[in-house]
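Let me begin by presenting the structure, written as structure tokens, before commenting on it.
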Amino acid sequence: MWRRVIRVFNDMKVRKSSTQDEVKKRKKAVLFCLSEDRKKIIVEEGKQILVGDIGETVDDPYACFVKLLPLNDCRYGLYDATYETKESKKEDLVFIFWAPENAPLKSKMIYASSKDAIKKKFTGIKHEWQVNGLDDIQDRTTLAEKLGGNVVISLEGKPL
């Protein structure tokens with residue numbers, strides 16, 4: 001049941017030197033949802049951004065990721081943030097628990113109670129972010145603070 005979810009995570013986590021084509025196919029962001037019977041966590045079809053899309057069909061990967069989120073239901077997301085501090089350029093995976101205020105209570109409860117299960121599978125994630133509304137997530141400064149406090153000077157190539 002977890003195989004595909006873990007494969008997606010590992011593909012995003014491992015930054016081995018790969019060919020240009022492999023890099024283009026790597027996921028920049030992906031959403032996970034509960035299966036219809038609400039018993040499994042699955043990769044949500046069509047809700048992803050590939051590294052190769054950036055500059056082609058996607059101008060701002062972060063804004064594009066925010067648009068993937070449903071306004072009235074919960075999701076888990078993995079976002080591969082590229083950011084810069086005064087010292088260096090960095091990339092980090094961020095685990096996002098999206099629970100908007102107008103999501104159904106039952107959905108919030110199931111997603112909240114399943115969160116530890118999916119997080120356990122994502123070993124080595126440094127950043128976790130619970131978001132409860134578009135105002136929180138649309139402002140990229142909030143993500144920058146999660147990544148490195150006030151030392152972050154740009155996110156996805158855009159100055160803060």
Side-chain angles (χ1 to χ4, degrees), residues 1-15 18 20-83 91-144 146-147 155-158:
M1 131 174 168
W2 286 101
R3 203 170 300 134
R4 187 152 177 247
V5 168
I6 293 167
R7 191 171 66 235
V8 166
F9 169 68
N10 285 333
D11 288 351
M12 287 177 78
K13 185 175 78 165
V14 176
R15 301 192 199 287
S18 11
Q20 216 35 54
D21 275 354
E22 286 168 335
V23 169
K24 282 184 176 168
K25 288 188 184 113
R26 204 169 85 211
K27 288 175 179 40
K28 172 77 177 168
V30 65
L31 290 184
F32 303 94
C33 61
L34 291 171
S35 57
E36 276 188 45
D37 63 6
R38 294 186 172 267
K39 289 183 170 43
K40 304 194 283 266
I41 295 169
I42 58 171
V43 177
E44 189 169 4
E45 291 306 319
K47 297 289 187 172
Q48 63 179 23
I49 301 167
L50 300 178
V51 172
D53 296 341
I54 300 164
E56 298 290 319
T57 54
V58 172
D59 180 39
D60 179 347
Y62 185 69
C64 187
F65 171 70
V66 170
K67 286 192 188 110
L68 293 178
L69 296 165
L71 294 178
N72 49 10
D73 205 358
C74 303
R75 288 296 183 271
Y76 306 113
L78 276 177
Y79 186 81
D80 190 2
T82 307
Y83 61 103
E91 286 183 72
D92 272 333
L93 278 183
V94 183
F95 172 70
I96 295 168
F97 173 34
W98 169 250
E101 281 153 29
N102 44 354
L105 184 62
K106 187 174 183 190
S107 183
K108 284 188 205 174
M109 287 167 61
I110 296 172
Y111 272 87
S113 63
S114 313
K115 187 180 84 169
D116 284 344
I118 189 172
K119 249 187 68 196
K120 275 193 190 104
K121 305 285 178 195
F122 295 164
T123 45
I125 283 224
K126 285 189 269 190
H127 308 284
E128 181 188 338
W129 187 16
Q130 179 169 338
V131 189
N132 300 103
L134 275 178
D135 293 350
D136 292 348
I137 201 163
Q138 277 174 325
D139 182 1
R140 60 185 70 231
T141 358
T142 319
L143 176 57
K146 287 267 172 233
L147 292 165
L155 181 66
E156 303 306 346
K158 301 203 180 336

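Scope of the values below: all heavy atoms of this structure, side chains included, with no hydrogens, waters or symmetry mates. A quick note: this is a predicted structure, and the numbers were derived from the prediction, not measured.
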Legend entry - From Ile125 atom CD1 to Ile118 atom CD1, the distance as rounded to the nearest 0.5 Å: 9.0 Å
Inset, instruction - Examine distances only and state if a side-chain atom of Tyr83 and a backbone atom of Ala144 form a donor-acceptor pair shorter than 3.5 Å. - result: no
Legend entry - 4.5 Å side-chain heavy-atom contact, Trp2 and Lys40: no
Inset, instruction - Hey, could you give me the CD1/CD distance between Ile42 and Glu36, rounded to the nearest 0.5 Å? - result: 8.0 Å
Inset, instruction - Would you confirm whether Lys28, through its side chain, and Val51, through its main-chain N or O, come within 3.5 Å as a donor-acceptor pair? - result: no
Legend entry - Separation of Glu156 CD from Asp59 CG (nearest 0.5 Å): 11.5 Å
Inset, instruction - For Lys158, look at atom NZ and say whether over 12 heavy atoms of other residues, nucleotides or ligands are found less than 6.0 Å away. - result: yes
Inset, instruction - If a pair satisfies salt bridge (Lys or Arg N to Asp or Glu O under 4.0 Å) and one of its residues is in residues 128-143, list it, with sequence neighbours excluded. - result: Asp60-Arg140, Lys115-Glu128, Lys119-Glu128
Legend entry - Atom pair SG/CE of Cys74 and Met109 - distance to nearest 0.5 Å: 11.5 Å
Only distances under 3.5 Å count here; give the side-chain donor-acceptor pairs of residues 95-107 to other protein atoms, sequence neighbours excluded, each with its distance to 0.1 Å.
residue: Trp98; atom: NE1; partner: Pro70; partner atom: O; Å: 2.7
residue: Trp98; atom: NE1; partner: Asp73; partner atom: O; Å: 3.2
residue: Ser107; atom: OG; partner: Asp73; partner atom: OD1; Å: 2.4

Inset, instruction - Please assess Ile137 against Tyr62 for the test side-chain contact (heavy atoms from CB on, under 4.5 Å), listing each intermediate value before the final yes or no. - result: CA-CA 9 Å; Ile137 201 163; Tyr62 185 69; 3.2 Å; yes
Inset, instruction - Mind listing the closest non-hydrogen atom pair of Thr142 and Trp129 along with its distance? - result: CG2-CZ2, 3.6 Å
Legend entry - Point-to-point distance, once rounded to the nearest 0.5 Å, from CG of Leu34 to CD1 of Ile41: 6.0 Å
Legend entry - Over all atoms of both residues, closest heavy-atom pair of Asp92 and His127: OD2-NE2, 3.1 Å
Inset, instruction - Could you tell me whether the side chain of Val8 reaches within less than 4.5 Å of the side chain of Lys27, counting heavy atoms only? - result: yes
Inset, instruction - Keeping the roles fixed (side chain from Tyr76, backbone from Tyr111), state whether a donor-acceptor pair exists under 3.5 Å. - result: yes
Legend entry - Shortest non-hydrogen separation from Leu31 to Leu68 and the atoms involved: CD1-O, 3.5 Å
Inset, instruction - Report yes if some heavy atom in the side chain of Leu69 is under 4.5 Å from a heavy atom in the side chain of Val131; otherwise report no. - result: no
Legend entry - Proximity of Phe32 and Phe122 rings by center, below 6.0 Å: yes
Legend entry - Residue pair Phe9 / Val30, side-chain heavy-atom distance below 4.5 Å: no
Inset, instruction - Going by the salt bridge (charged side-chain N to carboxylate O under 4.0 Å, His left out) test, name the single residue among Arg26, Lys13, Lys126 that passes it with Glu91. - result: Arg26
Legend entry - Ile110 side, atom CD1; Lys108 side, atom NZ - distance, nearest 0.5 Å: 13.0 Å
